[in-house]
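The structure appears below as C-alpha coordinates.
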Amino acid sequence: MIKKCLFPAAGYGTRFLPATKAVPKEMLPILTKPLLQYGVEEALAAGIDIMAIVTGRGKRSIEDHFDNAFELESQLSGTAKESYLKEIKTVIESATFTYVRQRQMLGLGNAILTGEHLIGDEPFAVILADDLCDYDNKSVLSQMKEIYNKYQCSIIAIEEIPMDKTSNYGVISGYLVDKTNDTYRVTNMVEKPEPKNAPSNMAIIGRYILTPDIFNILENIKPDKNGEIQITDALNIQAKEGKVIAYKFDGKRFDC
Ligand code: G1P
(Lines give C-alpha, C1' and ligand atoms only; values in the text may rest on other atoms or scores of the structure.)
Protein backbone atom coordinates (compact mmCIF):
# COMPACT_ATOMS: atom_id res chain seq x y z
CA MET A 1 0.00 0.00 0.00
CA ILE A 2 1.31 3.45 -0.90
CA LYS A 3 -0.11 5.86 1.68
CA LYS A 4 2.24 8.82 1.50
CA CYS A 5 3.37 11.21 -1.19
CA LEU A 6 6.47 13.36 -0.82
CA PHE A 7 6.61 16.78 -2.47
CA PRO A 8 10.03 18.41 -2.71
CA ALA A 9 9.17 22.11 -2.51
CA ALA A 10 12.24 23.78 -1.10
CA GLY A 11 13.91 25.09 -4.25
CA TYR A 12 14.46 28.79 -4.96
CA GLY A 13 12.57 28.77 -8.27
CA THR A 14 15.44 30.77 -9.75
CA ARG A 15 14.22 30.54 -13.33
CA PHE A 16 11.02 32.35 -12.37
CA LEU A 17 12.60 35.32 -10.65
CA PRO A 18 11.40 37.90 -9.84
CA ALA A 19 7.99 36.15 -9.49
CA THR A 20 9.48 33.67 -7.03
CA LYS A 21 11.30 36.18 -4.86
CA ALA A 22 8.59 36.15 -2.18
CA VAL A 23 6.18 33.56 -3.61
CA PRO A 24 7.17 29.88 -3.64
CA LYS A 25 7.37 28.46 -7.16
CA GLU A 26 4.99 25.70 -6.06
CA MET A 27 2.36 28.36 -5.33
CA LEU A 28 2.41 29.89 -8.82
CA PRO A 29 -1.02 29.35 -10.39
CA ILE A 30 -2.21 27.66 -13.51
CA LEU A 31 -5.53 29.48 -13.94
CA THR A 32 -6.72 29.92 -10.33
CA LYS A 33 -4.99 26.96 -8.72
CA PRO A 34 -1.42 26.74 -7.41
CA LEU A 35 0.80 24.09 -8.97
CA LEU A 36 1.19 22.22 -5.70
CA GLN A 37 -2.57 21.82 -5.33
CA TYR A 38 -2.68 20.02 -8.69
CA GLY A 39 -0.04 17.64 -7.35
CA VAL A 40 -1.95 17.04 -4.10
CA GLU A 41 -5.12 16.37 -6.09
CA GLU A 42 -3.25 13.87 -8.25
CA ALA A 43 -2.05 12.04 -5.14
CA LEU A 44 -5.59 12.01 -3.71
CA ALA A 45 -6.91 10.63 -7.00
CA ALA A 46 -4.44 7.76 -6.54
CA GLY A 47 -5.85 7.01 -3.08
CA ILE A 48 -2.87 8.57 -1.29
CA ASP A 49 -3.92 10.91 1.51
CA ILE A 50 -0.82 11.71 3.54
CA MET A 51 1.20 14.52 1.99
CA ALA A 52 4.81 14.90 3.11
CA ILE A 53 5.96 18.31 1.95
CA VAL A 54 9.63 19.26 2.11
CA THR A 55 9.69 23.04 2.33
CA GLY A 56 12.29 25.64 3.14
CA ARG A 57 12.68 29.25 4.20
CA GLY A 58 10.10 31.59 2.68
CA LYS A 59 7.61 28.82 1.97
CA ARG A 60 5.07 29.42 4.74
CA SER A 61 2.30 30.22 2.29
CA ILE A 62 2.27 26.52 1.38
CA GLU A 63 1.22 25.61 4.93
CA ASP A 64 -1.34 28.42 4.99
CA HIS A 65 -2.82 27.27 1.69
CA PHE A 66 -3.57 23.80 3.06
CA ASP A 67 -5.12 25.09 6.28
CA ASN A 68 -8.35 26.74 7.38
CA ALA A 69 -8.56 30.49 6.81
CA PHE A 70 -11.13 31.49 9.41
CA GLU A 71 -11.30 35.19 8.62
CA LEU A 72 -11.74 34.64 4.90
CA GLU A 73 -14.20 31.81 5.45
CA SER A 74 -16.38 33.82 7.82
CA GLN A 75 -16.31 36.83 5.46
CA LEU A 76 -17.49 34.71 2.54
CA SER A 77 -19.86 32.53 4.52
CA GLY A 78 -23.42 32.80 3.25
CA THR A 79 -22.41 34.92 0.23
CA ALA A 80 -22.36 33.90 -3.43
CA LYS A 81 -18.55 33.86 -3.26
CA GLU A 82 -18.42 31.01 -0.76
CA SER A 83 -18.24 28.51 -3.62
CA TYR A 84 -14.77 29.79 -4.57
CA LEU A 85 -13.36 28.11 -1.48
CA LYS A 86 -15.15 24.82 -1.97
CA GLU A 87 -12.50 23.01 -4.01
CA ILE A 88 -9.59 23.79 -1.69
CA LYS A 89 -11.69 22.96 1.38
CA THR A 90 -12.41 19.53 -0.05
CA VAL A 91 -8.68 18.98 -0.60
CA ILE A 92 -7.86 20.10 2.95
CA GLU A 93 -10.48 17.83 4.46
CA SER A 94 -9.40 14.83 2.38
CA ALA A 95 -5.72 14.82 3.28
CA THR A 96 -3.24 15.07 6.13
CA PHE A 97 -0.38 17.50 5.54
CA THR A 98 3.00 17.00 7.16
CA TYR A 99 6.05 19.20 6.71
CA VAL A 100 9.76 19.29 7.21
CA ARG A 101 12.18 22.02 6.21
CA GLN A 102 15.26 21.44 4.11
CA ARG A 103 17.83 23.85 5.51
CA GLN A 104 20.25 23.85 2.60
CA MET A 105 19.59 23.38 -1.09
CA LEU A 106 21.65 20.28 -1.75
CA GLY A 107 19.68 18.76 -4.60
CA LEU A 108 16.59 16.63 -5.14
CA GLY A 109 18.17 13.56 -3.56
CA ASN A 110 18.87 15.52 -0.38
CA ALA A 111 15.32 16.94 -0.37
CA ILE A 112 13.92 13.41 -0.52
CA LEU A 113 16.28 12.27 2.22
CA THR A 114 15.12 15.21 4.35
CA GLY A 115 11.60 13.77 4.12
CA GLU A 116 12.65 10.39 5.54
CA HIS A 117 11.11 11.01 8.97
CA LEU A 118 7.79 11.92 7.41
CA ILE A 119 7.79 8.71 5.38
CA GLY A 120 9.33 6.00 7.57
CA ASP A 121 9.97 2.47 6.40
CA GLU A 122 7.41 2.11 3.63
CA PRO A 123 7.20 2.60 -0.13
CA PHE A 124 6.10 6.10 -1.09
CA ALA A 125 5.31 8.32 -4.04
CA VAL A 126 7.13 11.48 -5.08
CA ILE A 127 5.57 14.27 -7.13
CA LEU A 128 7.59 17.16 -8.53
CA ALA A 129 4.80 19.70 -8.78
CA ASP A 130 6.48 21.63 -11.59
CA ASP A 131 5.82 18.67 -13.88
CA LEU A 132 2.08 19.09 -14.26
CA CYS A 133 0.45 15.93 -15.61
CA ASP A 134 -2.89 15.95 -17.35
CA TYR A 135 -4.68 12.66 -17.94
CA ASP A 136 -7.94 11.25 -19.27
CA ASN A 137 -9.02 8.41 -17.01
CA LYS A 138 -6.42 7.52 -14.43
CA SER A 139 -3.99 9.94 -12.81
CA VAL A 140 -0.36 9.24 -13.62
CA LEU A 141 0.28 8.22 -10.04
CA SER A 142 -2.68 5.79 -10.11
CA GLN A 143 -1.20 4.20 -13.22
CA MET A 144 2.17 3.94 -11.48
CA LYS A 145 0.64 2.36 -8.39
CA GLU A 146 -0.66 -0.46 -10.57
CA ILE A 147 2.81 -0.98 -12.01
CA TYR A 148 4.24 -0.96 -8.46
CA ASN A 149 1.75 -3.61 -7.34
CA LYS A 150 3.03 -5.85 -10.10
CA TYR A 151 6.79 -5.33 -9.71
CA GLN A 152 7.16 -4.26 -6.04
CA CYS A 153 10.23 -2.14 -6.77
CA SER A 154 10.95 1.51 -7.51
CA ILE A 155 8.95 2.88 -10.46
CA ILE A 156 9.79 5.99 -12.47
CA ALA A 157 7.70 7.77 -15.08
CA ILE A 158 9.41 8.43 -18.40
CA GLU A 159 8.70 10.05 -21.73
CA GLU A 160 10.57 10.36 -25.00
CA ILE A 161 12.16 13.73 -25.55
CA PRO A 162 14.08 15.28 -28.47
CA MET A 163 17.72 14.17 -28.27
CA ASP A 164 18.96 17.78 -27.99
CA LYS A 165 17.07 18.21 -24.67
CA THR A 166 18.75 15.40 -22.70
CA SER A 167 20.79 17.83 -20.59
CA ASN A 168 17.56 18.97 -18.87
CA TYR A 169 16.59 15.53 -17.56
CA GLY A 170 17.60 12.30 -15.96
CA VAL A 171 17.91 9.86 -18.86
CA ILE A 172 17.62 6.07 -18.70
CA SER A 173 18.45 3.00 -20.69
CA GLY A 174 16.63 -0.27 -20.27
CA TYR A 175 14.84 -3.10 -22.02
CA LEU A 176 11.16 -3.59 -22.63
CA VAL A 177 9.55 -5.99 -20.16
CA ASP A 178 5.90 -5.51 -21.02
CA LYS A 179 4.76 -4.08 -24.32
CA THR A 180 1.11 -3.80 -23.31
CA ASN A 181 1.83 -1.22 -20.67
CA ASP A 182 5.12 0.18 -21.90
CA THR A 183 7.32 -0.83 -18.98
CA TYR A 184 11.10 -1.13 -19.09
CA ARG A 185 13.60 -2.69 -16.72
CA VAL A 186 16.11 0.09 -16.18
CA THR A 187 19.78 -0.81 -16.65
CA ASN A 188 21.39 2.63 -16.42
CA MET A 189 20.47 6.19 -15.47
CA VAL A 190 22.39 9.41 -16.02
CA GLU A 191 21.47 12.84 -14.66
CA LYS A 192 21.32 15.57 -17.30
CA PRO A 193 23.78 14.12 -19.85
CA GLU A 194 24.91 15.99 -22.92
CA PRO A 195 23.24 14.42 -26.00
CA LYS A 196 26.47 12.65 -27.00
CA ASN A 197 26.64 10.90 -23.61
CA ALA A 198 22.90 10.20 -23.24
CA PRO A 199 22.03 6.49 -23.10
CA SER A 200 18.72 7.10 -24.93
CA ASN A 201 16.06 9.78 -25.38
CA MET A 202 13.91 8.37 -22.56
CA ALA A 203 13.70 11.05 -19.87
CA ILE A 204 12.56 10.79 -16.27
CA ILE A 205 9.66 13.05 -15.42
CA GLY A 206 8.66 14.14 -11.94
CA ARG A 207 6.73 11.11 -10.74
CA TYR A 208 8.37 8.34 -8.72
CA ILE A 209 7.38 5.46 -6.48
CA LEU A 210 10.36 4.65 -4.29
CA THR A 211 11.10 1.76 -1.97
CA PRO A 212 12.36 2.90 1.45
CA ASP A 213 15.87 1.41 1.01
CA ILE A 214 16.43 4.51 -1.14
CA PHE A 215 17.06 6.49 2.06
CA ASN A 216 20.11 4.39 3.02
CA ILE A 217 21.40 4.63 -0.52
CA LEU A 218 20.92 8.41 -0.54
CA GLU A 219 22.91 8.76 2.67
CA ASN A 220 25.92 7.35 0.85
CA ILE A 221 25.60 9.14 -2.48
CA LYS A 222 28.42 11.53 -3.27
CA PRO A 223 27.44 15.04 -4.37
CA ASP A 224 27.76 15.75 -8.11
CA LYS A 225 30.00 18.45 -9.61
CA ASN A 226 27.52 21.13 -8.47
CA GLY A 227 27.53 19.83 -4.89
CA GLU A 228 24.03 18.34 -5.29
CA ILE A 229 22.84 14.88 -4.30
CA GLN A 230 20.87 13.42 -7.17
CA ILE A 231 17.99 10.97 -6.78
CA THR A 232 18.97 9.68 -10.24
CA ASP A 233 22.33 8.47 -8.86
CA ALA A 234 20.62 6.70 -5.95
CA LEU A 235 18.09 5.07 -8.26
CA ASN A 236 20.93 3.96 -10.53
CA ILE A 237 22.23 1.81 -7.67
CA GLN A 238 18.82 0.12 -7.39
CA ALA A 239 18.73 -0.17 -11.19
CA LYS A 240 22.03 -2.11 -11.23
CA GLU A 241 20.25 -4.72 -9.11
CA GLY A 242 17.31 -4.81 -11.52
CA LYS A 243 15.08 -2.99 -9.06
CA VAL A 244 13.84 -0.04 -11.10
CA ILE A 245 11.02 -0.12 -13.62
CA ALA A 246 10.40 2.77 -15.99
CA TYR A 247 6.89 3.38 -17.22
CA LYS A 248 5.82 5.43 -20.23
CA PHE A 249 2.70 6.90 -18.73
CA ASP A 250 -0.61 7.75 -20.40
CA GLY A 251 -1.21 11.47 -20.31
CA LYS A 252 0.41 14.75 -21.13
CA ARG A 253 3.10 16.47 -19.12
CA PHE A 254 3.60 20.22 -18.98
CA ASP A 255 6.95 21.54 -17.80
CA CYS A 256 6.02 24.44 -15.55
C1 G1P B 1 14.67 16.66 -11.74
C2 G1P B 1 15.46 15.35 -11.78
C3 G1P B 1 15.59 14.87 -13.22
C4 G1P B 1 14.22 14.76 -13.86
C5 G1P B 1 13.47 16.09 -13.73
C6 G1P B 1 12.03 15.95 -14.21
O7 G1P B 1 15.44 17.67 -12.32
O8 G1P B 1 16.73 15.54 -11.20
O9 G1P B 1 16.22 13.61 -13.25
O10 G1P B 1 14.35 14.39 -15.22
O11 G1P B 1 13.42 16.53 -12.38
O12 G1P B 1 11.39 17.18 -14.20
P13 G1P B 1 15.10 19.24 -12.15
O14 G1P B 1 14.10 19.56 -13.22
O15 G1P B 1 14.53 19.40 -10.78
O16 G1P B 1 16.40 19.95 -12.34
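Each ligand, and each atom within it, is numbered from 1 in the order the structure gives. Heads up: numbering here begins at 1 and tracks the sequence.
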Item to complete: Could you check atom 8 (O) of ligand 1 against the protein and tell me its nearest heavy-atom contact, residue, atom and distance included?
Response: Glu191 OE2, 2.7 Å
Discussion item. For Lys150, run the side chain to side chain donor-acceptor pair (under 3.5 Å) check against Asn181, Asp178, Thr183 and tell me which one passes.
Written reply: Asp178
Practice prompt. Treat each ILVMFWY residue as a node, draw an edge where side-chain heavy atoms are under 4.5 Å apart, and state whether Ile172 and Tyr169 are in one component.
Written response: no
Fill in: Greater than 12 external heavy atoms within 6.0 Å of Lys243's NZ
no
Fill in: ligand 1 atoms in contact with Asp131 (distance to a heavy atom under 4.0 Å)
6 (C), 12 (O)
Worksheet entry | Atoms of ligand 1 close to Gly170 [distance to a heavy atom under 4.0 angstrom, numbered from 1] | 3 (C), 4 (C), 9 (O), 10 (O)
Worksheet entry | Heavy-atom proximity to atom 5 (C) of ligand 1, best of Asp130, Ile172, Ile204, Leu235 | Ile204
Worksheet, complete the sentence: Contacts of Asn197 meeting side-chain contact (heavy atoms from CB on, under 4.5 Å) (sequence neighbours excluded), chain-then-number -> Pro193, Glu194
Fill in: Gly115 to Leu6 - nearest heavy-atom pair and separation
CA-CD1, 3.9 Å
Practice prompt. Walk me through it: do Cys153 and Ile245 pass the test side-chain contact (heavy atoms from CB on, under 4.5 Å)?
Written response: CA-CA 7 Å; Cys153 67; Ile245 293 286; 3.6 Å; yes
Worksheet item: Quick check, are the ring centers of Phe254 and Tyr38 under 6.0 angstrom apart?
Response: no
Response to the item:
A student checking ligand 1 against Thr232 at a 4.0 Å heavy-atom cut-off should list atoms 9 (O)
Item to complete: Report yes if some N/O of Arg253 lies less than 3.5 Å from some N/O of ligand 1; otherwise report no.
Response: no
Worksheet item: In terms of residue, atom name and distance, what is the protein heavy atom nearest to atom 16 (O) of ligand 1?
Response: Lys192 NZ, 2.6 Å
Worksheet entry | ligand 1 atoms in contact with Tyr169 (distance to a heavy atom under 4.0 Å) | 10 (O)
Worksheet entry | Identity and distance of the protein heavy atom lying nearest atom 11 (O) of ligand 1 | Leu128 CD1, 3.4 Å
